[in-house]
Chemist: 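Have a look at this one before I ask anything.
What you see is a predicted model, and the numbers here were worked out from it, not measured in a lab. Chain letters run A, B, ... following the sequence lines, proteins first, then strands; residues in each count from 1.
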Number of protein chains: 2
Amino acid sequence: MDRPATLHGEILTRLRDHLVEGGVPDGARIPEKDLCELFGISRTPLREALKVLAAEGLVELLPNRGARMKALSVRDISELFDLMGGLEALAGRLACENITDAEVSAIEALHTEMYGHYLRGNRHGYFACNQQIHEHILMAAQNQALAANAHAVMGRIRRVRFAANLDDRGERWSAAVREHELILDALRRRAGAELATILFNHLRSKKLAVLRNIEAGEAPEPRQKQVTVT
Amino acid sequence: MDRPATLHGEILTRLRDHLVEGGVPDGARIPEKDLCELFGISRTPLREALKVLAAEGLVELLPNRGARMKALSVRDISELFDLMGGLEALAGRLACENITDAEVSAIEALHTEMYGHYLRGNRHGYFACNQQIHEHILMAAQNQALAANAHAVMGRIRRVRFAANLDDRGERWSAAVREHELILDALRRRAGAELATILFNHLRSKKLAVLRNIEAGEAPEPRQKQVTVT
DNA sequence: TGAACGCAAAGTGAATGCAAAATGACCCTT
DNA sequence: AAGGGTCATTTTGCATTCACTTTGCGTTCA
């Protein structure tokens, strides 16, 4: 939330954003020297930030061979989506214990707005509303440890998810809208256990859609294009 | 799993163990100089390890004021137990999809052994079997990302859990045995959603027991005893 | 001609040095 | 005597430096 006044703390945030936003292609080497020049700092705070990002699973740190952008295998993606499903399931379960009627109404409003975007085919608006709904549920769970964990996992799959959603076709869209209606229904009834299962299956559906897109569209070898110049 | 041949990697593991095993009391300052002498290294790799441990939530890193052992508030403990419950629930859900009959049998055997320890009043053996059962379910889930996450959360609450279990009375013990029977039953039937709820509630029970012990036994101010000499 | 050896350059891992901030003690003022 | 302020010491943050590993290329020998 509040970034410390230390250099390595600021670098950690900036570097994480830089990597998540797609500044480096999958599996590419990340020379310390380049990043030092990019941020205008010495290697010490940069290396500290890299260690943390490696612990978060965003980069891979091979001994004496430096940092590489963690290339997610199909297996990794599958695991991360299931993990995210478990965390969202937990968020839903806890939300049912704590959420107020006003917060449920806020989510209902978001759902309505999202449905409008769906009808108008506004992909960006739909995606933003979708994310906000899940964020609201996460907040309603009133659990900082869970929120931090969920955000960390989300960061690891964001680039994959973003790429997959762009290729997504309509049939998955309509299914997602139906699933969201189930979510809202369970939330209104404060049916925690039920909502947990719905949310897990919701992420399971997303996972399957993403995996289909990957196996269909992307070649087995990691493609090298879209190398943004730093 | 495999520790790298690097110094900071080894220090990270050793320092984490040192902290988790209770080498430092809650809220105490952790001067870098002392740790350097303890491990016989310079400050650079030590600081890198500290950054990672701060990201894991084990220590607190205040700018220009060094590292402190993270003192868990009652709220923190509550949140972490719920988070652990969500992760175990996910593990159970996934385990039901993947587990073999042989693995179920192995867990049944552990449960039987644990029941024996319960009857004989062998606290240590009971605790070990209990942990092994949950570890088996976690393995059966076949999800490395989940396992790593669960172990990280477990590390954060281990000291609290250990201290609380020592003060635990019999009535909670017998309840735990009954809950384990429910877990096994759901696992045999591969009832994933049901098992998830059971496991979440199982951790919820543990949480409540721990919180009762804390509010009953421990004074509002953090007690300073049990300072192990390094 | 191809493969193996060796050397040089680059990059990483860890230690040291230096500046700034914080802690604590002592002194001064009231 | 109590409170506040100043200075010295300690500790942290970051840069720099040194040492070792890896790697790419050229040479040599089969």
Chemist: CG of A:Leu50 versus P of C:dG11: gap in Å, rounded?
Modeler: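 Answer to the nearest Å: 15 Å.
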Chemist: Between CG of B:Leu110 and CD of B:Gln131, what distance do you get to the nearest 0.5 Å?
Modeler: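 One gets 12.0 Å once the value is rounded to the nearest 0.5 Å.
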Chemist: For the pair made of CG in A:Leu62 and C1' in D:dT22, what is the distance, rounded to whole Å?
Modeler: 12 Å
Chemist: Could you tell me how far apart B:Leu61 (CG) and D:dT11 (P) are, to the nearest whole angstrom?
Modeler: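 For the pair B:Leu61 CG and D:dT11 P, the rounded distance is 16 Å.
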Chemist: Want to settle it: does A:Lys33 or B:Asn64 sit nearer the 5' end of DNA chain C, counting the closest nucleotide to each?
Modeler: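 By nearest-heavy-atom nucleotide position, the 5'-most residue is A:Lys33.
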Chemist: Give the rounded distance in Å between these two atoms: CD of A:Glu10 and P of D:dG13.
Modeler: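 That distance rounds to 15 Å.
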Chemist: Side chain of B:Arg29 only, heavy atoms from C-beta on: which candidate in C:dA14, D:dG13, D:dT11 is closest?
Modeler: D:dT11
Chemist: With a 4.5 Å cut-off on side-chain heavy atoms, are B:Asn98 and B:Asn143 touching?
Modeler: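 SC-SC contact between B:Asn143 and B:Asn98 ruled out.
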Chemist: Is the centre of the B:His202 ring less than 6.0 Å from the centre of the B:His180 ring?
Modeler: yes
Chemist: Hey, is the side chain of B:Arg43 pairing donor to acceptor with the base of D:dG13 inside 3.5 Å?
Modeler: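 Indeed there is one.
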Chemist: CG of B:Leu46 versus P of C:dT16: gap in Å, rounded?
Modeler: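 Distance, rounded to whole Å: 14 Å.
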Chemist: Please tell me if A:Arg65 has a side-chain N or O lying less than 4.0 Å from either OP1 or OP2 of C:dT12.
Modeler: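 Checking C:dT12 against A:Arg65, no side-chain N or O comes under 4.0 Å of OP1 or OP2.
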Chemist: Round to the nearest Å and state the distance from A:Ile30 atom CD1 to C:dA10 atom P.
Modeler: 21 Å
Chemist: Using OP1 and OP2 only, check whether a side-chain N or O of A:His8 sits under 4.0 Å from D:dC14.
Modeler: yes
Chemist: Looking at every heavy atom in both B:Arg158 and B:Glu21, which two are closest together, and how far apart are they?
Modeler: NH1-OE2, 4.1 Å
Chemist: Among D:dG13, D:dT22, D:dA15, which is the nearest nucleotide to the side chain of B:Arg47?
Modeler: D:dG13
Chemist: Please report, rounded to the nearest Å, how far the C1' atom of C:dA14 is from the CG atom of B:Leu12.
Modeler: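 Rounded to the whole Å, the gap is 16 Å.
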Chemist: Counting side-chain heavy atoms from C-beta on, which of C:dA22, C:dA14, D:dC14 comes nearest to B:Glu48?
Modeler: C:dA14
Chemist: A:Asp34 has an atom CG; how far is it from atom C1' of C:dG11, in whole Å?
Modeler: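 Checked: the CG to C1' distance equals 11 Å.
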Chemist: Below 3.5 Å, does any donor atom in the side chain of B:Ser42 face an acceptor in the base of C:dA14, or the other way round?
Modeler: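 Answer is no: no donor-acceptor pair is held.
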Chemist: Picking from C:dA15, C:dT23, D:dT22, which would you name as closest to the side chain of B:Ile41?
Modeler: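 Nearest to the side chain of B:Ile41 among the choices is C:dA15.
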Chemist: Could you tell me whether a side-chain N or O of B:Asn130 sits under 3.5 Å from a main-chain N or O of B:Phe127, the two making a donor and an acceptor?
Modeler: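 No, the answer is negative, given that no donor and acceptor are paired below the 3.5 Å cut-off.
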